[in-house]
Amino acid sequence: MSVADEIFIGMCRDILENGTSTEGEKVRPKWEDGTPAYTIKRFGVVNRYDLRKEFPILTIRKTALKSATDEMLWIWQKKSNNIHDLHSHIWDEWADEDGSIGKAYGYQMGIKHQYKEGMMDQVDRVIYDLKNNPFSRRIMTNIYVHQDLHEMNLYPCAYSMTFNVTQRKGEDKLTLNAILNQRSQDVLAANNWNVVQYAVLVHMLAQVCDMHVGEFIHVIADAHIYDRHIPIIKELISRPGYAAPTFWLNPDIKDFYKFTRNDVKVGNYVTGEQITGIPIAI
(Lines give C-alpha, C1' and ligand atoms only; values in the text may rest on other atoms or scores of the structure.)
Protein backbone atom coordinates (compact mmCIF):
# COMPACT_ATOMS: atom_id res chain seq x y z
CA MET A 1 0.00 0.00 0.00
CA SER A 2 1.29 3.47 -0.90
CA VAL A 3 1.83 6.22 1.66
CA ALA A 4 -0.86 8.23 -0.13
CA ASP A 5 -3.33 5.39 0.46
CA GLU A 6 -2.38 5.22 4.14
CA ILE A 7 -2.83 8.97 4.57
CA PHE A 8 -6.19 8.96 2.80
CA ILE A 9 -7.53 5.95 4.74
CA GLY A 10 -6.37 7.40 8.06
CA MET A 11 -8.00 10.75 7.28
CA CYS A 12 -11.32 9.13 6.30
CA ARG A 13 -11.39 6.94 9.41
CA ASP A 14 -10.69 9.97 11.59
CA ILE A 15 -13.53 11.92 9.97
CA LEU A 16 -15.99 9.03 10.32
CA GLU A 17 -15.02 8.21 13.91
CA ASN A 18 -14.28 11.66 15.33
CA GLY A 19 -16.00 14.09 13.01
CA THR A 20 -18.93 16.42 13.61
CA SER A 21 -22.24 15.99 11.77
CA THR A 22 -23.90 19.01 10.16
CA GLU A 23 -27.31 17.29 10.07
CA GLY A 24 -30.02 19.73 11.08
CA GLU A 25 -27.89 22.78 10.35
CA LYS A 26 -28.79 25.34 7.69
CA VAL A 27 -26.44 24.16 4.93
CA ARG A 28 -25.91 25.68 1.49
CA PRO A 29 -25.21 22.56 -0.65
CA LYS A 30 -28.12 20.56 -2.03
CA TRP A 31 -28.44 17.26 -3.85
CA GLU A 32 -30.02 17.19 -7.30
CA ASP A 33 -33.38 16.30 -5.75
CA GLY A 34 -33.24 19.41 -3.57
CA THR A 35 -32.44 17.54 -0.34
CA PRO A 36 -29.93 19.29 1.94
CA ALA A 37 -26.46 17.76 1.60
CA TYR A 38 -25.21 17.15 5.14
CA THR A 39 -21.67 16.13 6.02
CA ILE A 40 -19.44 14.65 8.68
CA LYS A 41 -16.49 16.96 8.99
CA ARG A 42 -13.13 17.48 10.68
CA PHE A 43 -11.57 20.89 11.19
CA GLY A 44 -7.92 21.55 10.42
CA VAL A 45 -6.72 18.43 8.63
CA VAL A 46 -3.01 18.52 7.71
CA ASN A 47 -1.51 15.88 5.41
CA ARG A 48 2.20 15.73 4.49
CA TYR A 49 3.62 14.11 1.36
CA ASP A 50 7.33 13.66 0.62
CA LEU A 51 7.47 14.01 -3.15
CA ARG A 52 11.02 12.69 -3.26
CA LYS A 53 9.88 9.33 -1.95
CA GLU A 54 6.58 8.86 -3.73
CA PHE A 55 4.14 10.46 -6.12
CA PRO A 56 0.96 10.76 -3.99
CA ILE A 57 -1.66 9.20 -6.24
CA LEU A 58 -4.13 6.71 -4.74
CA THR A 59 -4.04 3.05 -5.68
CA ILE A 60 -7.22 1.97 -3.86
CA ARG A 61 -9.02 3.75 -6.71
CA LYS A 62 -7.78 5.37 -9.89
CA THR A 63 -7.14 9.11 -10.09
CA ALA A 64 -7.14 10.50 -13.63
CA LEU A 65 -3.69 12.08 -13.75
CA LYS A 66 -4.01 13.80 -17.13
CA SER A 67 -7.42 15.28 -16.37
CA ALA A 68 -6.26 16.53 -12.96
CA THR A 69 -3.17 18.05 -14.57
CA ASP A 70 -5.30 19.63 -17.29
CA GLU A 71 -7.45 21.44 -14.71
CA MET A 72 -4.38 22.64 -12.81
CA LEU A 73 -2.86 24.02 -16.03
CA TRP A 74 -6.22 25.63 -16.88
CA ILE A 75 -5.85 27.68 -13.70
CA TRP A 76 -2.09 28.17 -13.40
CA GLN A 77 -0.92 28.23 -17.01
CA LYS A 78 -3.88 29.25 -19.17
CA LYS A 79 -5.21 31.42 -16.34
CA SER A 80 -8.67 30.76 -17.69
CA ASN A 81 -12.11 30.93 -16.14
CA ASN A 82 -13.90 29.45 -19.16
CA ILE A 83 -14.84 25.78 -19.29
CA HIS A 84 -14.32 25.68 -23.06
CA ASP A 85 -10.58 25.78 -22.34
CA LEU A 86 -10.88 22.51 -20.36
CA HIS A 87 -10.93 18.96 -21.68
CA SER A 88 -13.21 17.75 -18.87
CA HIS A 89 -16.69 18.75 -17.72
CA ILE A 90 -16.11 19.04 -13.97
CA TRP A 91 -16.89 22.78 -13.93
CA ASP A 92 -20.00 22.66 -16.11
CA GLU A 93 -22.43 23.06 -13.20
CA TRP A 94 -20.90 26.43 -12.27
CA ALA A 95 -20.54 27.92 -15.77
CA ASP A 96 -22.85 30.45 -17.38
CA GLU A 97 -24.16 30.29 -20.95
CA ASP A 98 -20.83 31.56 -22.27
CA GLY A 99 -18.80 29.01 -20.32
CA SER A 100 -17.50 31.47 -17.71
CA ILE A 101 -17.27 30.68 -13.99
CA GLY A 102 -16.92 34.36 -13.21
CA LYS A 103 -13.93 36.12 -11.66
CA ALA A 104 -12.65 32.92 -10.08
CA TYR A 105 -9.57 30.70 -10.18
CA GLY A 106 -7.65 31.33 -13.41
CA TYR A 107 -9.12 34.81 -13.77
CA GLN A 108 -7.40 35.85 -10.54
CA MET A 109 -4.12 34.20 -11.56
CA GLY A 110 -4.05 36.23 -14.76
CA ILE A 111 -4.43 39.67 -13.18
CA LYS A 112 -1.17 41.63 -13.35
CA HIS A 113 0.02 43.52 -10.27
CA GLN A 114 2.63 46.22 -9.85
CA TYR A 115 5.77 45.05 -8.06
CA LYS A 116 9.12 46.76 -7.60
CA GLU A 117 10.43 44.54 -10.39
CA GLY A 118 7.57 45.46 -12.76
CA MET A 119 4.11 44.24 -13.74
CA MET A 120 3.55 40.51 -13.18
CA ASP A 121 0.68 38.16 -12.45
CA GLN A 122 0.86 35.82 -9.44
CA VAL A 123 2.22 32.82 -11.36
CA ASP A 124 4.99 34.81 -13.02
CA ARG A 125 5.82 36.37 -9.64
CA VAL A 126 6.27 32.90 -8.10
CA ILE A 127 8.55 31.77 -10.94
CA TYR A 128 10.51 35.04 -10.82
CA ASP A 129 11.13 34.70 -7.08
CA LEU A 130 12.02 31.01 -7.24
CA LYS A 131 14.67 31.84 -9.81
CA ASN A 132 15.91 35.15 -8.42
CA ASN A 133 15.10 35.17 -4.70
CA PRO A 134 14.51 31.52 -3.76
CA PHE A 135 14.98 31.91 0.00
CA SER A 136 12.25 34.53 0.28
CA ARG A 137 9.48 33.74 2.77
CA ARG A 138 7.01 35.69 0.64
CA ILE A 139 6.55 33.35 -2.34
CA MET A 140 2.84 32.69 -2.42
CA THR A 141 -0.41 33.06 -4.34
CA ASN A 142 -3.90 33.89 -3.11
CA ILE A 143 -7.04 33.85 -5.24
CA TYR A 144 -9.60 34.44 -2.46
CA VAL A 145 -10.16 38.05 -3.44
CA HIS A 146 -13.01 39.50 -1.36
CA GLN A 147 -13.81 42.38 -3.70
CA ASP A 148 -14.56 39.88 -6.50
CA LEU A 149 -16.40 37.16 -4.54
CA HIS A 150 -19.80 38.45 -5.64
CA GLU A 151 -18.76 37.85 -9.27
CA MET A 152 -17.52 34.29 -8.71
CA ASN A 153 -19.87 31.42 -9.53
CA LEU A 154 -18.09 29.39 -6.84
CA TYR A 155 -15.82 30.74 -4.12
CA PRO A 156 -12.32 29.22 -4.43
CA CYS A 157 -11.87 26.04 -2.38
CA ALA A 158 -8.12 25.61 -2.91
CA TYR A 159 -7.21 29.26 -2.61
CA SER A 160 -3.56 29.70 -1.62
CA MET A 161 -0.14 28.19 -2.31
CA THR A 162 2.96 29.03 -0.30
CA PHE A 163 6.36 27.98 -1.61
CA ASN A 164 9.44 27.53 0.56
CA VAL A 165 12.92 26.63 -0.64
CA THR A 166 15.52 24.80 1.44
CA GLN A 167 19.17 23.89 0.95
CA ARG A 168 19.83 20.30 1.98
CA LYS A 169 23.27 19.42 3.28
CA GLY A 170 25.54 17.97 0.64
CA GLU A 171 23.33 19.00 -2.29
CA ASP A 172 24.05 21.70 -4.82
CA LYS A 173 20.46 21.92 -6.03
CA LEU A 174 17.86 23.61 -3.87
CA THR A 175 14.68 21.82 -2.75
CA LEU A 176 11.20 23.19 -3.44
CA ASN A 177 8.50 22.65 -0.79
CA ALA A 178 4.92 23.88 -0.87
CA ILE A 179 1.76 24.24 1.20
CA LEU A 180 -1.73 24.18 -0.32
CA ASN A 181 -4.39 25.88 1.79
CA GLN A 182 -7.96 24.81 1.20
CA ARG A 183 -11.00 26.24 2.98
CA SER A 184 -13.26 23.27 2.22
CA GLN A 185 -13.04 19.86 0.59
CA ASP A 186 -15.36 17.08 -0.53
CA VAL A 187 -13.04 14.24 0.49
CA LEU A 188 -14.45 11.54 -1.78
CA ALA A 189 -14.78 13.62 -4.94
CA ALA A 190 -11.80 15.93 -4.66
CA ASN A 191 -9.14 15.00 -2.10
CA ASN A 192 -6.69 12.97 -4.15
CA TRP A 193 -7.58 14.97 -7.27
CA ASN A 194 -6.27 18.13 -5.59
CA VAL A 195 -3.27 16.36 -4.06
CA VAL A 196 -2.25 15.04 -7.48
CA GLN A 197 -2.77 18.42 -9.17
CA TYR A 198 -0.58 20.35 -6.81
CA ALA A 199 2.04 17.60 -6.55
CA VAL A 200 2.36 17.89 -10.34
CA LEU A 201 2.60 21.69 -10.03
CA VAL A 202 5.46 21.38 -7.53
CA HIS A 203 7.25 18.94 -9.85
CA MET A 204 6.82 21.31 -12.80
CA LEU A 205 8.00 24.41 -10.96
CA ALA A 206 10.95 22.53 -9.48
CA GLN A 207 12.00 21.35 -12.93
CA VAL A 208 11.81 24.76 -14.62
CA CYS A 209 13.66 26.36 -11.68
CA ASP A 210 16.31 23.60 -11.56
CA MET A 211 15.37 22.34 -8.10
CA HIS A 212 14.57 19.06 -6.39
CA VAL A 213 11.02 18.42 -5.20
CA GLY A 214 10.57 18.26 -1.44
CA GLU A 215 7.54 18.20 0.81
CA PHE A 216 3.99 19.00 -0.22
CA ILE A 217 1.70 19.84 2.68
CA HIS A 218 -2.07 19.95 2.28
CA VAL A 219 -4.02 21.97 4.85
CA ILE A 220 -7.81 21.62 4.81
CA ALA A 221 -9.93 23.81 7.10
CA ASP A 222 -13.15 21.81 6.60
CA ALA A 223 -12.54 18.24 5.39
CA HIS A 224 -15.90 16.58 4.97
CA ILE A 225 -17.63 13.44 3.80
CA TYR A 226 -21.15 13.96 2.46
CA ASP A 227 -23.93 11.83 3.92
CA ARG A 228 -24.57 10.02 0.62
CA HIS A 229 -20.84 9.32 0.26
CA ILE A 230 -20.42 7.51 3.58
CA PRO A 231 -21.17 3.97 2.28
CA ILE A 232 -18.85 4.58 -0.71
CA ILE A 233 -16.04 5.80 1.55
CA LYS A 234 -16.44 2.83 3.90
CA GLU A 235 -16.12 0.40 0.99
CA LEU A 236 -13.22 2.34 -0.52
CA ILE A 237 -11.06 2.41 2.60
CA SER A 238 -11.59 -1.34 3.16
CA ARG A 239 -9.83 -2.14 -0.12
CA PRO A 240 -6.29 -3.47 -0.38
CA GLY A 241 -3.74 -1.01 -1.74
CA TYR A 242 -0.81 -1.40 -4.09
CA ALA A 243 2.68 0.00 -4.38
CA ALA A 244 2.96 3.62 -5.48
CA PRO A 245 3.55 4.04 -9.23
CA THR A 246 6.53 5.78 -10.76
CA PHE A 247 6.05 9.37 -11.92
CA TRP A 248 7.38 10.79 -15.17
CA LEU A 249 7.53 14.44 -16.13
CA ASN A 250 8.85 15.34 -19.58
CA PRO A 251 12.47 16.33 -18.80
CA ASP A 252 12.79 18.38 -21.98
CA ILE A 253 10.39 21.09 -20.79
CA LYS A 254 12.20 24.00 -19.12
CA ASP A 255 9.47 26.63 -19.55
CA PHE A 256 6.37 26.28 -17.36
CA TYR A 257 4.19 27.60 -20.18
CA LYS A 258 5.26 24.77 -22.48
CA PHE A 259 3.87 21.94 -20.33
CA THR A 260 0.75 20.08 -21.46
CA ARG A 261 -1.32 17.36 -19.82
CA ASN A 262 0.58 14.87 -22.02
CA ASP A 263 3.89 15.69 -20.31
CA VAL A 264 2.97 13.66 -17.22
CA LYS A 265 2.70 9.88 -16.84
CA VAL A 266 2.62 7.23 -14.14
CA GLY A 267 4.17 3.83 -14.67
CA ASN A 268 3.16 0.53 -13.07
CA TYR A 269 -0.05 2.13 -11.84
CA VAL A 270 -2.10 -0.73 -10.41
CA THR A 271 -5.40 0.32 -8.83
CA GLY A 272 -8.64 -0.93 -7.39
CA GLU A 273 -11.90 -0.66 -9.28
CA GLN A 274 -12.90 2.84 -10.33
CA ILE A 275 -15.88 4.44 -8.61
CA THR A 276 -18.43 5.92 -11.01
CA GLY A 277 -21.62 7.88 -10.60
CA ILE A 278 -20.57 9.71 -7.43
CA PRO A 279 -23.40 12.13 -6.51
CA ILE A 280 -22.13 15.70 -6.31
CA ALA A 281 -23.66 18.29 -4.02
CA ILE A 282 -24.16 21.69 -5.62
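It should be emphasised that the depicted structure is a prediction, and the values quoted were computed from it without experimental measurement.
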Student: Is the shortest side-chain N to carboxylate O distance from Asp129 to Arg125 below 4.0 Å?
Tutor: yes
Student: After noting the C-alpha distance and the side-chain angles of Asp186 and Trp193, does the key distance pass the side-chain hydrogen bond (donor to acceptor under 3.5 Å, both in side chains) rule?
Tutor: CA-CA 11 Å; Asp186 175 343; Trp193 180 271; over 6 Å; no
Student: Taking the six-membered ring for Trp and the full ring for Phe, Tyr or His, determine whether the centres of Trp31 and Tyr226 are under 6.0 Å apart.
Tutor: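 Yes - the distance between ring centres of Trp31 and Tyr226 falls below the 6.0 Å cut-off.
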Student: Taking the inter-plane angle between the rings of Trp91 and Trp74 on a 0 to 90° scale, is it parallel (under 30°), tilted (30 to 60°) or perpendicular (over 60°)?
Tutor: tilted
Student: Above 12 or not: heavy atoms from other molecules or residues under 6.0 Å from NZ of Lys30?
Tutor: yes
Student: May I ask you to check whether Gln197 and Glu71 show a side-chain donor-acceptor distance below 3.5 Å?
Tutor: yes
Student: Can you say whether the rings of Phe247 and His203 are parallel (under 30°), tilted (30 to 60°) or perpendicular (over 60°)?
Tutor: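 Rings of Phe247 and His203: tilted, 30 to 60°.
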Student: Is it the case that over 12 heavy atoms from other parts of the model lie below 6.0 angstrom from the CD atom of Glu273?
Tutor: no
Student: Does CD belonging to Glu23 count more than 12 external heavy atoms closer than 6.0 Å?
Tutor: no
Student: Does atom NZ (Lys79) have a neighbourhood of more than 12 heavy atoms from anything else shown, all under 6.0 Å?
Tutor: yes
Student: Side chains of Thr35 and Asp33: do they bring a donor and an acceptor to under 3.5 Å?
Tutor: yes
Student: Take atom NE2 in His84; do more than 12 heavy atoms of anything else shown fall under 6.0 Å from it?
Tutor: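 Yes, enclosed.
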Student: Can you tell me if Thr162 and Asn181 form a side-chain donor-acceptor pair at under 3.5 Å?
Tutor: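 Looking only at side-chain atoms, Asn181 and Thr162 do not form any donor-acceptor pair under 3.5 Å.
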Student: Please check if the number of heavy atoms outside Asn18 that lie under 6.0 Å from its CG is greater than 12.
Tutor: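 Correct, the count exceeds 12.
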Student: If you count every heavy atom of other residues, nucleotides or ligands that lies below 6.0 Å from Phe43 atom CZ, does the total exceed 12?
Tutor: no
Student: Within a radius of less than 6.0 Å around NZ of Lys62, do more than 12 heavy atoms belonging to other residues, nucleotides or ligands occur?
Tutor: no
Student: Thinking salt bridges, do Arg52 and Glu171 make one under a 4.0 Å N-O criterion?
Tutor: yes
Student: With no hydrogens and no angle check, just 3.5 Å: does a side-chain donor-acceptor pair link Asp124 and Tyr115?
Tutor: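 Absent: no donor and acceptor within the cut-off.
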